[in-house]
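The first residue in the sequence is number 1, and the count goes up from there.
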Amino acid sequence: MKWWQNSVIYEIYPKSFYDTNGDGIGDLKGVEKKILYIKELGIDAIWLTPIYLSPQIDNGYDVADYRKVDPMFGNNDDLKELIQKAHDLNIKIILDMVANHTSDQCVWFKESKKSKDNYFSDFYIWKDPKPDGSEPNNWAASFGGSAWTYVPERNQYYLHYYASQQPDLNWENPTVRQYIYDAMRYWKSQGVDGWRLDVITQISKDLTFKDAPRVVNKKYVPLKNTSGPHMHQFIHELNQEVLQPFDMMSVGEAPNSSIKEILDLTSPKRQELDMAFSFEHMRIDKATKENGALTLKQPNFLQLKQVLSKMQNDLNNKAWNALYFENHDRSRIPSRWGDDTRYRYESATAFATILHGLKGTPFIFQGEEIGMTNPKYSVDEYEDIDLKNKYQEQVKEQHLLSTDEFLAVEHKIARDNARTPMQWNNEKNAGFTKGKPWYKVNPNFIEINVESDKLSKKSIFRYYQQLITLRHKEEVLTKGDYQELLENDKNIFVYKRSWKNKNWLILVNMTERNLSLNRLHNDLKNYKKIILHNYPHKKLEDTLRPYEAYILEK
C-alpha cells in the first residue's frame, strides 16, 4: 500500500490554528508549536490551506506569489523548519495548490491586463464584450454576480469562477501550465510530500463560451458542469510532469463531479490523481426555494448512506476514497447533522465512527477532534466573502430572503462556521492568541476546548485517538470488503468490514431517538466482542440509544 492509504490526514487552517506573535493571526510557528499535539492525536500528515503571499480576499485562495509564504504566516524558512520538525516526527506535509485562478494582484495578471500583446496577455481568459458592451455570456460566479469583469485597458472581460479578484488562469496556454508545475517542483525541493489541488476539475473551460440555459429571474446562471473538454488531459499532464516523477501524493477537490467522474479521476491506470473529494454526500440537507435561494431541509440520512455506500462499492479495488465530513468549507457536524448541545459528544463520535470505519483515507479538520461547533453570529460578525456577497445579493438587492431566513441557513452551513479560531483552553481568546483575533472566537470555548476535552470522561479527542489507532493497526479497515445492512433504514447506518478471517460490524444511530435493533438480532448475536463504543456501558442491548455507535467483532 502507498503511505497515504494507511494514513489519517489533519487539515490545518493556519490563520485560525495558533498565533505565536500576538497579531491575532495564526502562523507557521504556531503549527510547529502544536506539532506534538498533532502527533499525540496519531496523525500521519498535515494539509495546510494556502500559506502563499495573498491579499486574503478569499483567505489565501487568491494567490499573488506561489513561491513566497505570506508574511502574516511567517516566511519560507519557517515553512522549511516546520517541514523538518514534522518529518522528524514522521508526519508528512501537504500543501494546497490553487491552480485554477490567481489573485488579481499576481504579477501575471497585472501584466496580462495591460495589453493584448505582451508575454502574459494569454495567461488568463479574455473575451470581447457583446455588441451592446455587456458580458460575453450569462455565466454566474460562485460567489454571486457575473463570472466576467471588464478591464478598460484591453476593452475586454476576464473570466472568474469565484470573486472578481480571482481571475481564472488559461490552462489552454502551455506556458501557464509549466508555471504551475514549476511552482509545485519548487515546493517539492523544500520537502513537501503532497498536494491538495483546489477546484482542480475546473481548470479546463467550455471553450464555446455559450450562454447557460436561462433560469427564471436570474440574469446570471450558475454552471451545472464546470469541467471542460481538456480537464483529464491537463490533470494527466500534471501527474506526468510533477506528481509521478517526484512521488507526490495528490487529492483533488472535485465540485459537481459524480461518483463515476471521481472514479475516472482516481483510477490508477489513468495516472491522474490519487484521491478526490466528492461533494455528493454533503448535499443531504440542502434544498432550493422556488425563487432560487438556497434553503435547508432535514438531513436525509438514507441519501447519505446511499452515496457513501456507492462510493465504497464503485471505487472498491479500482481507486481510493478520500473520506471527510468537515473541512474549511464545511460546517461542524455536531451542529449540522447531530445535536451540538445535549448530545454533542455522542453525535460527534457517532459520525466519526461512520467515517473512520469506511475504506479510504480519513481527513480530520482542526477542532473536529474536540467536537467544536458552529457559532451563531450576526451577518456583520462573519468574514467570508462568499457569505457577504450572497447576503448583499439575496437579501439586500433581490429580497429573496429576510435576514433571519438567510442566517437560519448560514448558521447551519456557512463556510465560516469552521473557521473560528481553534479552542485550546478556557483562557482569553481560547488560548489562540494574546492579541485581538482576526475572527471572533466561538463564545462556547469556556466549555469546549482541548484542555477540558482531554480531562473529560466523554473525551472526543480520546475517541478519535482510538479510531486512528485502529486505522493503523487493523488491516480490516484499510483493506477489508464493505457490505451494508439495513439499506433502507433512514436512521441506522450499519455495515460489515471483512478481511481474511476478521469480521467487523460498524453500527451507528444517526438520531437523538432510541431505536430498536430487532431486525438485526440474527446478525448481532454473532458479534461478541466490542472493539469501540461511545457509551460507558459496554454491553450490546436490543435498543440503540441516541447517537450510539459500536464497532463490533465476530
Side-chain angles (χ1 to χ4, degrees), residues 50 52-58 60-68 97-143 145-186 197-212 220 223 226-238 240-242:
Y52 318 106
L53 186 69
S54 166
Q56 298 289 319
I57 294 295
D58 185 23
Y61 284 93
D62 47 321
V63 179
D65 187 338
Y66 287 101
R67 294 175 187 236
K68 185 175 182 185
M97 172 49 67
V98 190
N100 177 69
H101 48 265
T102 70
S103 164
D104 61 354
Q105 298 307 301
C106 178
V107 68
W108 308 349
F109 186 74
K110 286 181 171 180
E111 292 299 315
S112 187
K113 68 188 282 192
K114 285 180 181 175
S115 71
K116 297 178 184 178
D117 58 2
N118 68 66
Y119 181 78
F120 292 99
S121 295
D122 199 28
F123 266 50
Y124 298 85
I125 297 163
W126 296 94
K127 293 287 165 197
D128 293 334
K130 285 183 176 171
D132 64 359
S134 65
E135 298 92 349
N137 63 33
N138 66 352
W139 295 358
S142 283
F143 292 169
S146 173
W148 298 93
T149 293
Y150 182 70
V151 171
E153 295 99 305
R154 288 184 58 140
N155 187 28
Q156 284 185 311
Y157 286 86
Y158 64 87
L159 180 69
H160 52 89
Y161 275 177
Y162 295 91
S164 60
Q165 300 93 332
Q166 292 169 291
D168 281 29
L169 285 162
N170 176 19
W171 271 69
E172 299 296 325
N173 180 345
T175 310
V176 168
R177 305 201 298 270
Q178 287 303 326
Y179 269 52
I180 293 293
Y181 306 155
D182 279 345
M184 295 171 79
R185 292 183 192 110
Y186 169 76
L197 298 154
D198 185 59
V199 295
I200 195 66
T201 52
Q202 299 181 345
I203 54 177
S204 171
K205 314 301 183 198
D206 174 0
L207 299 173
T208 66
F209 294 101
K210 285 192 294 202
D211 279 350
Y220 305 116
L223 291 175
T226 50
S227 302
H230 301 142
M231 184 259 288
H232 287 292
Q233 174 193 326
F234 292 156
I235 295 176
H236 176 70
E237 183 183 270
L238 183 153
Q240 300 298 291
E241 292 263 354
V242 181

* Of all residues at least two apart in sequence or in a different chain, which pass the side-chain contact (heavy atoms from CB on, under 4.5 Å) check with Val98? -> Pro50, Tyr61, Val63, His101, Asp198
* **Over all atoms of both residues, closest heavy-atom pair of Tyr52 and Asp65** => CB-O, 3.4 Å
* Structure fact -> With sequence neighbours left out, the residues meeting ring pair (Phe, Tyr, Trp, His ring centres under 6.0 Å) with Tyr124 are Phe109
* Side chain to side chain, Glu111 and Tyr119, heavy atoms closer than 4.5 Å -> no
* Check whether more than 12 heavy atoms from other residues, nucleotides or ligands sit under 6.0 Å from atom NZ of Lys116, and answer yes or no. => yes
* To do: List in chain and number order the residues that pass side-chain contact (heavy atoms from CB on, under 4.5 Å) with Pro129, two or more places apart in sequence or in another chain; answer none if no residue qualifies.
  => Tyr150, Asn155, Tyr157
* **Separation of His232 NE2 from Ser227 OG (nearest 0.5 Å)** => 7.5 Å
* Asked: Among all residues two or more places apart in sequence or in another chain, which pass the side chain to side chain donor-acceptor pair (under 3.5 Å) test with Asp168?
  -> Asn100, Lys205
* Asked: About how many Å separate CE of Met184 and CE of Met97, when rounded to the nearest 0.5 Å?
  -> 5.5 Å
* Asked: Going by the salt bridge (charged side-chain N to carboxylate O under 4.0 Å, His left out) test, which pairs reach into residues 118-140, not counting sequence neighbours?
  -> Lys130-Asp211
* Roughly how far, to the nearest 0.5 Å, is CD of Gln166 from SG of Cys106? -> 12.5 Å
* Atom pair CD1 (Ile180) and CG (Leu169), whose distance is rounded to the nearest 0.5 Å -> 5.5 Å
* Between Phe120 and Phe123, how do the two ring planes meet: parallel, tilted or perpendicular, split at 30° and 60°? -> perpendicular
* For residues Pro136 and Phe209, determine if any side-chain heavy atom of one lies less than 4.5 Å from a side-chain heavy atom of the other. => no
* Under a 4.5 Å cut-off applied to non-hydrogen side-chain atoms, are Val199 and Tyr161 in contact? -> no
* **For His230, all residues meeting side chain to side chain donor-acceptor pair (under 3.5 Å), sequence neighbours excluded** => Glu172
* Asked: Going from CG on Asp206 to CH2 on Trp139, what distance comes out if it is rounded to the nearest 0.5 angstrom?
  -> 5.0 Å
* Asked: For the atom pair CD (Gln178) and CG (Asn173), what is the distance rounded to the nearest 0.5 Å?
  -> 10.5 Å
* Yes or no on side chain to side chain donor-acceptor pair (under 3.5 Å) for Ser112 and Trp126, after CA distance, side-chain angles and deciding distance? -> CA-CA 9 Å; Ser112 187; Trp126 296 94; 3.0 Å; yes
